[in-house]
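Below you'll find the structure, written out as structure tokens, and then a few comments.
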Amino acid sequence: MSEITITIDNQEIKTKEGEYILNAARANGIFIPAICYLTRCSPTLACRLCLVEADGKQVYACNAKSKEGMQVTTSTQNIESEKRSIMEVYNVNHPLQCGVCDQSGECELQNYTLEVEVDSQNYAVPDVERKVLDWGHIHYDPALCIVCERCSTVCKDMIGDNSLKTVPRGSEGFNTDYKESMPKDAYAMWNKLNKSIIGLTSGEQMLDCTACGECSAVCPVGALTSTDFMYKTNAWEQKQIPATCSHCSAGCQIQYDVKHTDIENSDDKIYGVKNEWNYVSLCGAGRYGYDFENAGVSKDESAFNSAIEAFKKADTIKFNSIITNEEALILQRLKKKFGYKLINEEARSYGNFLNEYKKISGTSLYSGDLNTIRDSNFVVSVGTIIKSDNPNARFAFNNSMTMNKGAGLYFHPVADPVVSAMSKNMKAITHAPLQEEVVLYLILDLFANKEELPKEIVDYLATFHSTKTITVSETIKEQVIEMVVDAESGEEKEVKKMVPKKVSKEVEVDDNRLVEILKIDAFDEFMEKQLKKKDTFSLIVGEDFYTHPNSRNLARLVALIEKYSDFSVTIIPPRSNSLGVSLICDLDSEAGAYAVGYNEVADFTLCALGEGDLDMPAFNQQEGTLTSINKRVNPTNAALSYGGYTLNDLASALGVESDLTIDYTSQLPTAGGFKSTAFDDLSDHFTNAGEEVRGYALNVKKNKTSNESVEPFNEDEALAGELIYYANPVKNFSKFSQKAHQLNAKGGVFVSVARLESLGLKEGDRVTVETSTSKLTTSLYVDNQIDGDIAYLPNFDTKLNSEVLFNGYRFNNALIAKVI
Amino acid sequence: MSVENNRNVGQQDYYMVDIEDYPESNWDQFKQVVKRTFSTELFVGLWVVLREMLKFNIHTVKYPEEKLPLGPRYRAIHEMLRLMESGTERCIGCGLCEKICISDCIRMETKIDENSRKEVSEYSINFGRCIFCGYCAEVCPELAIVHGGRYENVSEQRAHYSMFDDLLTPMDTFKAGQQKEFPGFGAIIPGSDESVKKTPLAY
């Protein structure tokens with residue numbers, strides 16, 4: 001899109017052709033009031049407050065696109081009277097108990113009422129009874145609702161759950177005299193407002209969704225609130241601590257709302273999480289999983305001394321990727337000095353995957369990120385249960401389909417009704433585990449530039465093609481001549497008529513055996529329809545690939561797709577900071593005899609969950625940086641105080657000395673793409689134009705490429721039979737999210753409703769899960785957000801050691817039987 | 001209108017006190033000292049006391065048996081009032097008093113009650129810190145927290161607290177009709193009704 005100049009209120013601004021006037025104005029610091037519009041979502045035209053005059057015509061700034069030389073005026077007499085009436089209408093029957101509203105002054109209704117200077121009311125309508133509704137984790141008070149539809153818009157356009165919609169309010173019409181006396185837009189807006197209210201898309205009692213709570217975040221008034229937060233505290237009492245969410249690799253910017261604990265205890269407590277919902281959308285774990293701090297820890301000197309002893313004795317450090325870049329660097333320095341083996345399997349497999357990938361792609365990191373996914377119009381996701389592995393990748397996937405008229409393919413063995421329901425233009429394909437290579441070959445076959453692609457691969461792909469003759473039926477119009485008797489004259493007349501007729505004919509079509517292997521029905525028709533007008537492509541690959549037995553080959557295939565097609569590739573880091581850890585640490589594959597574990601169970605355990613031999617600070621008690629899926633280094637701050645020892649204290653006592661953990665921020669390895677910027681110089685905000693000014697982006701380096709050979713796939717490898725999968729349910733990522741009081745759940749084996757029936761068991765039954773590697777006894781739970789027969793076992797529960805059931809790869813054959 | 005409610009400045013019987021000019025030069029100061037030393041001003045004072053004593057015209061307030069009436073704006077220990085109609089507490093837990101308190105001596109906790117209403121679960125005022133500025137009473141939208149007349153605050157420790165229940169009008173006092181409407185800080189100004197713009201209702 002080309003850059004153009006438009007004039008708003010005599011101020012010349014530069015913007016992109018086709019950008020909404022409202023966004024152009026906002027990006028340049030010009031204020032146009034708007035309640036219902038959400039950046040990154042489609043305009044709903046519910047509030048009509050953003051009225052402006054563009055080239056002499058009154059338009060809505062939120063859906064009018066900029067054109068070169070456009071003259072925009074934000075205020076005319078008519079616009080002002082419309083705004084005044086709209087704000088008066090919003091206040092009709094709105095309760096005046098602002099003192100007990102959870103919005104506690106952070107209310108857009110209040111703000112705009114004051115902005116428009118409403119000091120009297122001219123309109124009235126009888127109200128209908130609007131009962132308070134408890135939808136589980138979300139509390140809805142329709143009396144406060146102004147039906148701006150931001151909640152349903154964000155749920156549909158951003159999140160993809162589509163759980164909220166407007167439903168009839170059941171009110172009577174109002175005084176028709178208003179039609180004459182009121183400004184036109186205000187009347188139309190009121191007419192719509194008075195008829196509708198927000199309701200559930202399915203069911204009547206509970207919100208059936210992935211529980212992200214984004215609807216309550218975007219609510220401009222106090223109508224939608226978190227049930228848990230209800231009446232706990234006022235917004236103005238809380239201090240905002242900017243941080244980065246540590247639950248997954250999306251690295252979302254969040255703000256912890258902090259206030260003293262109670263009237264007796266002045267220590268800070270986190271009451272909730274806020275997000276810049278115009279630019280960041282949170283999942284349920286980010287929003288509700290905030291109170292995982294390691295509380296009440298003091299400096300236990302004897303435990304510290306035994307930790308030093310343990311470090312002296314140890315030859316191995318086990319850790320996971322829920323760790324800051326700085327701490328990862330401390331571990332790397334310890335390795336350098338004392339020769340520890342660093343064990344972190346999930347970061348190692350991810351790092352290996354990236355290393356293999358860059359051998360062909362020629363760049364140190366993948367090209368895509370969540371923003372390129374959001375901006376593309378054809379997205380393919382392979383090898384990840386996207387809604388729980390990285391919810392923001394799902395939001396971006398969904399957003400690309402809703403906002404860019406996009407389409408997509410979702411390949412995964414576990415059928416996912418939530419993802420399938422995101423769009424009609426998406427095809428969810430369940431294939432057998434260990435067939436991920438077939439999927440990648442199919443993408444290469446469909447999208448790669450065959451002229452540049454290495455010849456062996458082109459030849460290999462050609463072996464799957466054959467022509468076959470199929471019978472298609474099509475409808476043609478045929479002319480028939482009928483004799484009709486004219487009713488008046490009684491004469492017979494010949495009338496020519498066109499009648500549709502079904503004919504079947506035989507055509508020769510290309511038959512792609514790759515499609516057949518993956519058992520995709522109606523694939524050609526889908527692709528023919530959906531690939532029209534598509535020009536930006538994104539591929540998301542995930543955790544299934546890194547532990548895949550043919551992981552190396554998959555990485556090379558992904559790199560080939562990146563190199564020889566229009567796809568930009570995003571490789572989801574499996575845990576919060578796997579990308580950072582894989583760039584900072586030299587990880588080992590074999591553990592030694594005596595291990596110190598950092599948040600991992602070992603011979604001596606340092607633990608932020610309060611369960612180990614020496615306490616460590618949890619993520620909301622530390623400052624540092626995290627490397628996100630967007631290849632950015634994002635700063636996070638300590639929301640709560642911590643009285644115990646940190647990893648830096650241990651390292652300093654061992655001779656790797658530094659005053660503060662964040663002193664390491666500027667020392668992060670530039671070879672890995674990090675910059676030598678000090679922690680305090682990292683900014684953390686979004687501009688009005690939506691530009692992310694958070695930390696810095698990693699330098700992506702070019703490197704030499706080697707040969708581009710890939711292995712053919714083995715069709716017979718596909719896993720069949722009863723299967724289990726290693727994944728977490730939506731909202732829970734780790735032991736840390738599980739520790740949060742709102743996300744506290746028990747781990748077990750999760751099955752779909754259909755599988756539960758076929759097993760003939762009840763929810764809560766004790767079952768044994770037996771695989772070739774081990775056997776576990778646990779409880780059976782139902783997850784209505786998966787379909788099909790594959791059960792999954794999570795790793796968020798410390799009491800459930802589900803990884804023993806797996807042999808690296810996330811899928812395994814398993815027998816589930818009831819304990820008798 | 002009782003004396004203490006007469007807020008109209010200028011209607012009281014004021015008079016100017018005749019005060020001598022301050023001496024300016026050293027010589028004037030010297031003259032003043034000599035004059036005061038050798039005049040009988042001391043005896044004038046003693047005479048006034050003797051005269052009034054003999055006339056039994058005594059103005060001394062015999063505290064604590066006798067207490068002076070307090071002005072309507074007097075700000076002593078806070079009280080929490082009940083609704084005149086139902087007797088339930090007026091406080092809605094909005095938290096404005098906690099926010100506005102400039103000496104940061106009010107702290108409260110709220111929660112949702114069984115009727116889905118906001119309820120104050122804990123409330124305390126630290127009277128060791130309170131400066132009795134009256135902002136809390138002024139900001140209170142419900143006229144729930146007001147200043148009472150209890151100014152005797154003897155305590156064993158410097159920081160002494162009052163909890164919500166201590167401040168709330170006791171039920172028996174309330175039932176006896178002894179809860180008084182507060183006329184001071186934050187009270188509705190007489191004649192406010194006239195300045196309110198009416199909102200139309202469609203019922």
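Reminder, nothing fancy here: chain letters follow the sequence lines and each chain counts from 1.
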Please determine whether the number of non-hydrogen atoms from other residues, nucleotides or ligands lying under 6.0 Å from atom [atom1] of [X] exceeds 12.
{"X": "B/L42", "atom1": "CG", "answer": "yes"}
{"X": "B/N115", "atom1": "CG", "answer": "yes"}
{"X": "A/E264", "atom1": "CD", "answer": "no"}
{"X": "A/E172", "atom1": "CD", "answer": "no"}
{"X": "B/Y63", "atom1": "OH", "answer": "yes"}
{"X": "B/E66", "atom1": "CD", "answer": "yes"}
{"X": "B/Y151", "atom1": "OH", "answer": "yes"}
{"X": "B/I188", "atom1": "CD1", "answer": "no"}

**Message:** side-chain contact (heavy atoms from CB on, under 4.5 Å), that's the test. Do A/K232 and B/K111 meet it? Break it down for me.
**Reply:** CA-CA 5 Å; A/K232 281 226 176 109; B/K111 67 172 203 301; over 6 Å; no
**Message:** Counting heavy-atom pairs under 4.5 Å with chain A, which one of B/K198, B/K197, B/E119 comes out on top?
**Reply:** B/K197
**Asked** Counting heavy-atom pairs under 4.5 Å to chain A, which of B/I92, B/L96, B/T110 comes out on top?
**Response** B/T110
**Request:** With a 4.5 angstrom heavy-atom cut-off, could you sort out which part of A/S266 is near chain B: side chain, backbone, both or neither?
**Result:** both
**Request:** Could you tell me which portion of A/V100 (side chain, backbone, both or neither) has an atom closer than 4.5 angstrom to a non-hydrogen atom of chain B?
**Result:** both
Residue part contacting chain A, namely of [X], when any heavy atom lies under 4.5 Å:
{"X": "B/S121", "result": "neither"}
{"X": "B/P141", "result": "neither"}
{"X": "B/K118", "result": "both"}

**Item:** Residues of residues 113-124 of chain A contacting chain B, heavy-atom criterion under 4.5 Å, by residue number
**Value:** A/D119, A/S120, A/Q121, A/N122, A/Y123, A/A124
**Contact listing (chain B partner; residues 132-148 of chain A; heavy atom under 4.5 Å)** = none
**Asked** Atom CD1 in B/I125, atom CD1 in A/I263: separation rounded to 0.5 Å?
**Response** 11.0 Å
**Message:** In the structure I gave you, are the side-chain heavy atoms of A/Y231 and B/V120 within less than 4.5 Å of one another anywhere?
**Reply:** no
**Request:** Only one of A/T233, A/D262, A/T261 passes side chain to side chain contact (heavy atoms under 4.5 Å, CB included) with B/E109; say which it is.
**Result:** A/D262
**Taking every non-hydrogen atom, the tightest pair across B/G95 and A/N234** = CA-ND2, 3.8 Å
